There are 2 protein chains.
Amino acid sequence: MAHPKPGFPEPEHNHGVCVADALAAAAERCAARGARLTDIRREVLEVVWSSHRPIGAYDILADLGRDGRRLAPPTVYRALDFLLEHGLVHRVASRNAFFGCPSPGHATAVELLICTECGSAVEVQEQRVSAAVAGAATRHDFEVLPQTIEILGRCAACRAAA
Amino acid sequence: MAHPKPGFPEPEHNHGVCVADALAAAAERCAARGARLTDIRREVLEVVWSSHRPIGAYDILADLGRDGRRLAPPTVYRALDFLLEHGLVHRVASRNAFFGCPSPGHATAVELLICTECGSAVEVQEQRVSAAVAGAATRHDFEVLPQTIEILGRCAACRAAA
DNA sequence: CGCTCGACTGTTATAATATAACATCAATGC
DNA sequence: GCATTGATGTTATATTATAACAGTCGAGCG
Ligand SMILES: [Zn+2]
Ligand SMILES: [Zn+2]
Ligand SMILES: [Zn+2]
Ligand SMILES: [Zn+2]
């Protein structure tokens, strides 16, 4: 069962499905690429997916350390590097944080809509945005690299609450 | 004399003109808004404009400290906060750096094309990008905030060199 | 003038994010 | 067994950013 709807997730949705889907997709992608999804890497990915909000490396570290383990920053950063390299998470520069990619290996560029109030985010693929960016780049003799465009704003829930 | 061309600046252009224009525009804007462009703020802006590359706060600090002065980080960050508040510089999240705005007070959203090889950047206003972003936001019931979209890639000069 | 107020800057310390460098360990293939 | 490789552990440090409070300085006012 795939994630029921596009757009910002419903507050009441069954998030376990999101996590299970993400872990399954990650395992599949790693197998296909001959990459090892080790325990630590899987656990980091699971923490990243514990919400639909980009999460900082040190928050991941704190979460993994809750059961008495003492991990050091490099352990988490190395796992994140691996996950980034294989397209399983996105780096969110505007927040110094990381966000689980719901469609690892997507062919086209993606955009991230990030709510500055509640911190939640959603990955979208908007052809028109990519096309406009590509057009702008061409006009300025610029070669666009594959990347995640970050768009900051307010989600519907936060707007409704205000 | 305004900056001669849009797009990435020619290597040989008269950069003194860029700096002079930027400082004049800043002074004018501050006067119009009743804001005080103090010595430190003007000096920080000048350092930001010393190249067409986004520059980090600590690099600004080092530059200002070259003539024997010893400034502390808060001094620079406060000046940058002021310049950000009045639209005289942009924060470049993807590089933890700051970039001089060539058109302070621009009504519409702007995009920043950033070369990952040479580090240089250019601010552009692409209607189609803003429109596409606005459209995407609408479709996802998302309210876009004013911001600078960062687009990473390779400039023509770096492509030619490779 | 002497005073007060607010904006600006100085100073010290520290928080938050990220990486360098080297040691250890485990699996794999010879 | 033993070298090779990739993964993790460990310690220290680099880089970016802010908190908190003290001093300065000029504008306005009695
Ligand atoms: Zn979910
Ligand atoms: Zn929100
Ligand atoms: Zn110039
Ligand atoms: Zn370049």
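In this text the structure is predicted, and so the values were computed from the model without any measurement. Residue numbers begin at 1 in each chain, while the letters A, B, ... track the order of the sequences.
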Output side-chain donor-acceptor pairs under 3.5 Å for residues 127-138 of chain A, partner residues at least two apart or in another chain, one line each.
unit_1: A:S130; atom_1: OG; unit_2: A:E126; atom_2: O; d: 3.1
unit_1: A:T138; atom_1: OG1; unit_2: A:A134; atom_2: O; d: 3.0

Using distance only, find each side-chain donor-acceptor pair of residues 154-162 of chain A under 3.5 Å and give its atom names and separation, not counting sequence neighbours.
unit_1: A:R154; atom_1: NE; unit_2: B:E143; atom_2: OE1; d: 3.0
unit_1: A:R154; atom_1: NH1; unit_2: A:E117; atom_2: OE2; d: 3.2
unit_1: A:R154; atom_1: NH2; unit_2: B:E143; atom_2: OE1; d: 3.2
unit_1: A:R159; atom_1: NH1; unit_2: A:R154; atom_2: O; d: 3.3
unit_1: A:R159; atom_1: NH1; unit_2: B:D141; atom_2: O; d: 3.2
unit_1: A:R159; atom_1: NH2; unit_2: B:D141; atom_2: OD1; d: 2.8

Residues 89-100 of chain B, side-chain donor-acceptor partners within the protein, below 3.5 Å, at least two apart:
unit_1: B:H90; atom_1: ND1; unit_2: B:T148; atom_2: OG1; d: 3.1
unit_1: B:H90; atom_1: NE2; unit_2: B:E123; atom_2: OE1; d: 2.9
unit_1: B:S94; atom_1: OG; unit_2: B:E150; atom_2: OE1; d: 2.6

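Within the structure, ring-ring contact (aromatic ring centres under 6.0 Å, His included) pairs that include any residue of residues 107-132 of chain A do not occur (at least two apart or interchain). Pairs passing the side chain to side chain donor-acceptor pair (under 3.5 Å) check and including a residue from residues 68-81 of chain B, sequence neighbours excluded, read B:E43-B:R69.
Rounded to whole angstrom, the span from the CD atom of B:E85 across to the C1' atom of C:dA7 amounts to 12 Å. C:dT17 atom P lies 7 Å from atom CG of A:D59, rounded to whole Å. Taking atom CG of residue A:L71 and atom P of nucleotide D:dG9, one finds them 6 Å apart after rounding to whole Å. As a whole-Å value, the separation of B:R69 CZ from C:dT9 P is 11 Å. The interatomic distance linking A:I60 (CD1) with C:dT17 (C1') rounds to 12 Å, in whole Å. As a whole-Å value, the separation of B:H86 NE2 from C:dA7 P is 12 Å. We find that CZ of B:F82 is positioned 7 Å from P of C:dC8, with the value rounded to whole Å. Remark: P of D:dT10 and CG of A:L61 are 13 Å apart, rounded to the nearest angstrom.
For DNA chain C, none of the residues of residues 34-42 of chain A falls under the heavy-atom distance limit of 4.0 Å.
Dense packing is recorded around CZ of B:R29, with more than 12 heavy atoms of other residues, nucleotides or ligands lying under 6.0 Å away.
Among B:D59, B:I60, B:D63, the single residue meeting the side chain to side chain contact (heavy atoms under 4.5 Å, CB included) criterion with B:V76 is B:I60.
Residues satisfying the side-chain contact (heavy atoms from CB on, under 4.5 Å) criterion with A:R41, sequence neighbours excluded, are A:R36, A:L37, A:T38, A:A79, A:F82. By the salt bridge (charged side-chain N to carboxylate O under 4.0 Å, His left out) test, B:R42 is found to be paired with B:D39, residues two or more places apart in sequence or in another chain being considered.
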Between the protein and nucleotides 17-21 of chain D, are there any N/O to N/O pairs under 3.5 Å, and if so, what are the atom names and distances?
unit_1: D:dA17; atom_1: OP2; unit_2: B:Y77; atom_2: OH; d: 2.9
unit_1: D:dA17; atom_1: O5'; unit_2: B:Y77; atom_2: OH; d: 3.3
unit_1: D:dA17; atom_1: N7; unit_2: B:Y58; atom_2: OH; d: 2.7
unit_1: D:dA17; atom_1: N6; unit_2: B:Y58; atom_2: OH; d: 3.2

